[in-house]
Amino acid sequence: MNIGIVGLGLIGGSLGRVIVSRTNDKVYATDISTKAMLDGKLLSAYHFELNESNVKEIDVLFLSLYPDALEEVLEKYCPLLKEGALVCDCCGNKRRIVSQMRELSKKYPHLDFISTHPMAGREFSGVSHSTVGLFDKASMILVPVKADIRRVADLKAYCLSLGFGSVVITTAEKHDEIIAFTSQLAHLVSSSYIKSKTAEQFMGFSAGSFRDMTRVARLSPEMWAQLTVDNADFLVDELDSIINSLNEYKSALKNKDTDEMRKLLADGNEKKLLSEKMRRSWNNDKQ
C-alpha cells in the first residue's frame, strides 16, 4: 500500500517509522517544518515527500495534526485523493473532526473515513523524539465515520500488525467522554501539581510518586490548550468530580478526622484495586 502522513510530529513520525521498518508499504509524508522533514528523512520516517502530484497514489492518508489545523487540511486533500482511499486522523478529540468527516463523506462519496487515536505518547514532542516502538502494546481507538465493516476490519488488522496491542472501536461521543478522564484530566492535574511552591525544593525529597505525578506536566501547551478547550464540557465534569473529592480530603484534614481520612483513603485504594482487576480481565480477554 501507499501510506500518506500529513504532520511529522511525535505520532506522525513514529507511525511513519514503524510502517517503514515493519512493512513493505511506501510512506509519503509532508510537514510545514523543513526541519521536521529533514529529521524525518534521517530517521527513516518516510520514503517520499507527499505532494499534490503523488497524493493521488495514496491508499490510506493519516492526518497527524493539531485540532485547529485539521479542518483546513482535510478540505485540501479530500479532492485530490483517488476513489477508495481511506482518510484517517490521529487527533485526541473526536466529535469535532468526526462531524466534519461526515459532511465531507457526502461531498466525496468515493472516499472512506475512519477517525483514529493511537493511545501512546511521550513527554517530548516532535519527530526527533519519535520511536519505532512507540505503539508497541498500545491501544488504537477507531471511530468509523463512513466505511464498511470490511474496511474497519482491515484497518484493525493493519494496526495490530504494526505492534498495537489492542484495537477499540467506539463512537466519537464515548471517546471524548472517556478521554477527558483518562488523558486530559491527568495532564491538568499534573500541571496543577507542579505549580506548588514546594516543588522548587523537591531535590533529595522525591521518589516515584513525584516523578509519576509530574511526568505529563511536560507537554505542548499549544496542542493541549486546543484539546482541552475543544473537549471542555466533558473535562469540566471531570474537574468538578476531582475537586469534590479533594474537598472531602481537605475537610477531613481541617477537622483532624482520622477516621474519615482512613475511609476516604480506603475507598481510593479499593477503586484502584478494582481498576487493576478490570485491566487484567480485559487483557486476558484479548489473548
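Positions are given from 1 along the sequence. Values in this document were obtained by computation on a predicted structure and should not be read as measured data.
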Heavy atoms, side chains only, cut-off 4.5 Å: are [X] and [Y] in contact?
X: Ile11; Y: Leu134; result: yes
X: Val87; Y: Leu104; result: no
X: Leu81; Y: Tyr108; result: no

Does any N or O in the side chain of Asn255 come within less than 3.5 Å of the main-chain N or O of Asp257, such that one atom is a donor and the other an acceptor?
->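 Flag not set: sc Asn255 to bb Asp257 has no pair under 3.5 Å.
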Counting distance only, does the side-chain N/O of Gln226 pair as donor-acceptor with the main-chain N or O of Asp68 below 3.5 Å?
->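 Yes, the answer is positive, given that a donor and an acceptor are paired below the 3.5 Å cut-off.
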Using a strict cut-off of less than 4.0 Å between a Lys/Arg side-chain nitrogen and an Asp/Glu carboxylate oxygen, indicate whether [X] and [Y] qualify as a salt bridge.
X: Asp89; Y: Lys94; result: yes
X: Asp267; Y: Lys263; result: no
X: Asp112; Y: Arg150; result: no
X: Glu103; Y: Lys106; result: yes
X: Glu72; Y: Lys76; result: no

Using the salt bridge (Lys or Arg N to Asp or Glu O under 4.0 Å) rule, take Arg151 and Asp154 through it: C-alpha gap first, then chi angles, then the decisive distance, then the call.
-> CA-CA 5 Å; Arg151 198 70 192 263; Asp154 287 346; 5.5 Å; no
Side-chain donor-acceptor contact under 3.5 Å, Arg96 with Asn231 =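 No - no donor-acceptor pair under 3.5 Å links their side chains.
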Glu57 side, atom CD; Lys26 side, atom NZ - distance, nearest 0.5 Å =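 So the CD of Glu57 and the NZ of Lys26 are separated by 12.0 Å.
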Quick one: pull up OG1 in Thr30 and OH in Tyr77 and give me the separation to the nearest 0.5 Å.
->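 Output value for this atom pair is 5.0 Å.
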Which is it for Phe181 and Ser241 under the side chain to side chain contact (heavy atoms under 4.5 Å, CB included) test, yes or no, and what are the steps along the way?
-> CA-CA 10 Å; Phe181 171 71; Ser241 176; over 6 Å; no
